[in-house]
Asks: 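Here you go, one structure.
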Amino acid sequence: MKVTVKVPATSANLGPGFDCLGLALPIYNTITIEETVLPGTGVEINLMSENETIDEMIFDNVPKDENSIIYKAVEMLYNSIGQEPSELKINIQSQIPITRGLGSSASVVVGGLIAANKLLGSPADTTALLSIATEVEGHPDNVAPAILGGFVLASQEDDGSILTEKLNWPEEWDITVCIPDFELSTNIARSVLPENVPMADAVFNAKHLAMLVQAVNTKDEKLMKTALQDKLHQPYREKLIPGMKEIMEAFKHEDGIIGCVLSGAGPSMLIISYKYDLDKIKTVVRDIWEGQSIKTDIRTLKIENSGAKIIEE
Ligand code: HSE
């Protein structure tokens, strides 16, 4: 039996929502898992990219055996029902650029779990899958929108349970994703964060996250512009991302630009605008990055409201 799942890209954090906010975007990875009949063949993982050669190079360094995150997630699911994974063939057709802050690892974890769950006769519900995916990823902000679609507030509570709340993203707010041609692993981007932060910075993020939820609910661009500020992760990551500061600075006082934030752990940037010239966004970002010999892929996208879907079984 064989199951194929299509999973959207995601952009996490949105400024103050570090490790708890994320939205799904219409760029997809397609994951197929097949139980093979030959015993002893173990796991076989094939990665195929529709992106440029840079992804091919990164693919060479991604584990394609029992050490891969997709296998780890699938194994945890099997173990949770007292089984060991059978011989598996896993194909990943990748459109989501890797190590760019667009949830590519979350998408394969989610796709692997949904496909394996179907192969097993659906013993796990969405909450259980979210829990395993969060354990593998370390935080729920990418996996929750990858599974549920839309704009999601997700929290891993102290007892390990995952709480999710869908928020309504205003249709009128444009989302432009600016993807540079260099990679930044989440591990490195997390390694520059301090273990402890000043109380004033924690309070700053708490109040801006509260503003953000209210701004989205009331479609208030002005409040959202104030809300999209962060002191917990972006300031520390700036040094890893050439051009990040200049791009944020360039859009700070523009009417029609609601905000410019790091997408997930970066290096991609997310620009939220309202009735603003989208070509101008592209020109400004291109000028800054290309001035530093960084190639860019810039796309204005609608939020993906559907989340992961089984497309073949
Ligand atoms: N919230 C995570 C981070 C997202 O910023 O490190 C990365 O996947």
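Indexing begins at 1, ligand by ligand and atom by atom, following the structure's order. Here, residue 1 is the first one in the sequence, and each next residue gets the next number. Treat the numbers as computed from the prediction; the structure is a model and nothing was measured.
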Asks: Below 4.0 angstrom, N of the basic side chain to O of the carboxylate: do Glu313 and Lys2 qualify?
Replies: no
Asks: If we only consider heavy atoms of His233, is any one of them less than 4.0 Å away from an atom in ligand 1?
Replies: no
Asks: Between Arg100 and Glu183, is there a salt bridge with N-O shorter than 4.0 Å?
Replies: no
Asks: Which one holds for Arg237 and ligand 1: side chain close, backbone close, both close, or neither close, with close meaning a heavy atom under 4.0 Å?
Replies: side chain
Asks: Which atoms of ligand 1 have any heavy atom of Phe18 under 4.0 Å away?
Replies: 3 (C), 5 (O), 6 (O)
Asks: For Asn91, run the side-chain hydrogen bond (donor to acceptor under 3.5 Å, both in side chains) check against Asn46, Thr32, Thr30 and tell me which one passes.
Replies: Asn46
Asks: Minimum distance, heavy atoms only, to atom 5 (O) of ligand 1: which one of Thr186, Asn13, Leu193 is it?
Replies: Asn13
Asks: Out of all atoms in ligand 1, which are within 4.0 Å of some heavy atom of Arg190? Include the element for each.
Replies: 1 (N), 2 (C), 3 (C), 6 (O)
Asks: Just which atoms of ligand 1 are under 4.0 Å from any heavy atom in Asp141?
Replies: 1 (N), 2 (C), 4 (C)
Asks: Numbering the atoms of ligand 1 from 1, which are under 4.0 Å from a heavy atom of Asn142?
Replies: 4 (C), 7 (C), 8 (O)
Asks: Dump the intermediate steps for side-chain contact (heavy atoms from CB on, under 4.5 Å) on Met244 and Leu262, then the final yes or no.
Replies: CA-CA 8 Å; Met244 170 181 163; Leu262 206 54; 3.8 Å; yes
Asks: Please report the C-alpha distance between Ser161 and Asp159 in whole Å, then the side-chain angles of each, then the deciding distance to 0.1 Å, and finally whether the side chain to side chain donor-acceptor pair (under 3.5 Å) criterion is met.
Replies: CA-CA 6 Å; Ser161 63; Asp159 64 2; 2.6 Å; yes
Asks: Which is closest to atom 2 (C) of ligand 1 by heavy-atom distance: Leu21, Asp19, Asn187?
Replies: Asp19
Asks: Heavy-atom distances under 4.0 Å decide this one: backbone, side chain, both or neither, for Glu137 against ligand 1?
Replies: neither
Asks: If you measure only the distance, is there a donor-acceptor pair under 3.5 Å linking the side chains of Tyr274 and Glu172?
Replies: no
Asks: May I ask you to decide whether Lys275 forms a salt bridge with Asp255, counting only side-chain N to carboxylate O separations under 4.0 Å?
Replies: no
